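Below is one structure, written out as structure tokens; comments come after it.
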Amino acid sequence: MITRFAPSPTGPLHVGHAYSAWIAHDMARAAGGQFLLRIEDIDRQRAKPAWEAQILDDLAWLGITWDTEPVRQSDRMDVYRTALDVLWDKGLLYSCTCTRRDIADAMGAPQEGAPMLGPDGLVYPGTCRPDTGAMPCPPRPTHGHLRLNMARALRANDRMNRRRAEDAGTLQFLEVGALHRGTVVPPPEAFTQRIGDVVLARKDFGTSYHLSVVLDDAAQGVTHVVRGADLFEATPIHVMLQRLLGLSTPIYHHHDLVRDAAGKRLAKRDDARSIASYRQAGWRADDLRAALERRLVAP
Ligand code: GLU
Ligand code: ZN
């Protein structure tokens with residue numbers, strides 16, 4: 001078993017992160033497996049070395065140890081670029097220059113009906129999606145975002161699936177977390193209607209959370225992805241990318257989310273709940289953990 005914790009060094013760790021890291025760490029340790037760390041720093045504007053140092057220090061204080069040198073996403077840009085080239089050459093990507101505003105305006109058009117909210121916010125209305133996919137593709141443009149043409153991705157997966165043995169190409173994953181248990185098989189409409197043409201490369205990052213997380217989990221040999229239930233809806237995107245890129249799908253464990261006393265989910269920017277603030281207030285890690293696990297409310 002190989003699990004991982006993948007914080008973004010864009011702010012302090014809070015108790016929600018600690019909870020997630022503890023679960024992933026303990027699962028691996030109990031199974032005699034490995035626990036790995038990955039620094040998700042594709043947002044070069046917001047990622048700061050000082051946050052990274054603080055995260056490592058907080059993890060040590062929490063009693064969490066990791067097995068190999070942390071992987072840093074900013075060191076893997078060439079891997080992301082190569083995967084984008086592969087998807088582009090399959091005709092599955094298109095460039096999009098829409099702003100958030102453009103998307104909101106397109107969604108606001110009366111014929112569009114009620115706006116759909118997907119894992120990344122408003123489901124993209126397809127403004128820039130080309131009608132025809134004339135092949136061979138022109139060279140990959142360097143301006144704008146790159147979106148996944150989800151309808152085509154489904155068809156491409158079907159085609160690949162037919163050629164493959166058994167269910168190797170099936171869009172499904174095994175969930176072993178507290179909230180769902182068993183095989184999750186999202187229907188095709190979930191991909192086209194609830195998720196839509198997600199951004200796989202932001203023009204300012206050159207990649208995206210979805211693309212990087214899939215490639216990195218595969219490269220690190222992660223067998224069990226442990227993360228918060230807020231990412232459950234994004235998992236079909238990751239499974240789709242695994243199929244398209246010929247990667248195997250790990251087992252998923254989405255855990256419940258830590259809340260504040262008012263029942264609101266803790267946000268990363270909620271500095272008052274940072275691990276550092278508990279440390280400063282004289283907490284011991286064991287007590288923090290016990291208090292947290294008792295009610296899953298930040299103490
Ligand atoms: N960097 C992501 C986060 O902190 C990790 C998500 C994941 O575990 O897939 O939200
Ligand atoms: Zn667009």
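For ligands, and for the atoms within them, numbers begin at 1 and follow the listed sequence. Here the structure is a predicted model, which is why all the values come from computation and not from measurement. Hydrogens, waters and symmetry mates are skipped; everything else that's a heavy atom, side chains included, is used.
- Using cut-offs of 30° and 60° on the angle between ring planes, the pair Tyr209 and His238 is perpendicular.
- Within 6.0 Å of the CZ atom in Arg259, the count of heavy atoms belonging to other residues, nucleotides or ligands exceeds 12.
- Annotation for ligand 1: atoms under 4.0 Å from non-hydrogen atoms of Val213 are 9 (O).
- Note on ring orientation: taking the six-membered ring where Trp is involved, the planes of His253 and His255 are tilted (angle from 30° to 60°).
- Applying the 4.0 Å criterion to heavy atoms of Leu231 picks out, from ligand 1, the atoms 6 (C), 7 (C), 9 (O).
- Electrostatic pairing of Arg81 and Asp85 does not count as a salt bridge here, judged by no charged N lying under 4.0 Å from a carboxylate O.
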### Task
Test salt bridge (Lys or Arg N to Asp or Glu O under 4.0 Å) on Asp217 and Arg227 and set out the steps.
CA-CA 12 Å; Asp217 283 334; Arg227 60 188 182 192; 5.1 Å; no

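- At a heavy-atom distance under 4.0 Å, only side-chain atoms of Arg4, from C-beta outward, approach ligand 1.
- With a cut-off of 2.8 Å, the Zn ion (ligand 2) has no N, O or S atom of Thr97 in range.
- Centred on the Zn ion (ligand 2), the angle running from Cys128 (SG) to Cys96 (SG) is recorded as 130°, rounding to 10°.
- Of all the heavy atoms of Val225, none lies under 4.0 Å from any atom of ligand 1, so neither backbone nor side chain is involved.
- The pair Arg279-Asp58 meets the salt-bridge criterion, since a charged nitrogen lies less than 4.0 angstrom from a carboxylate oxygen.
- If you check each of Glu40, His210, His17 against atom 2 (C) of ligand 1, the one with the closest non-hydrogen atom is Glu40.
- Using a 4.0 Å cut-off to heavy atoms of Tyr209, the atoms of ligand 1 that qualify are 6 (C), 7 (C), 9 (O).
- Of all atoms in ligand 1, listed by their number and element, those nearer than 4.0 Å to a heavy atom of Arg227 are 7 (C), 8 (O), 9 (O).
- The aromatic rings of Tyr124 and Tyr94 lie tilted to each other, with the angle between the two planes from 30° to 60°.
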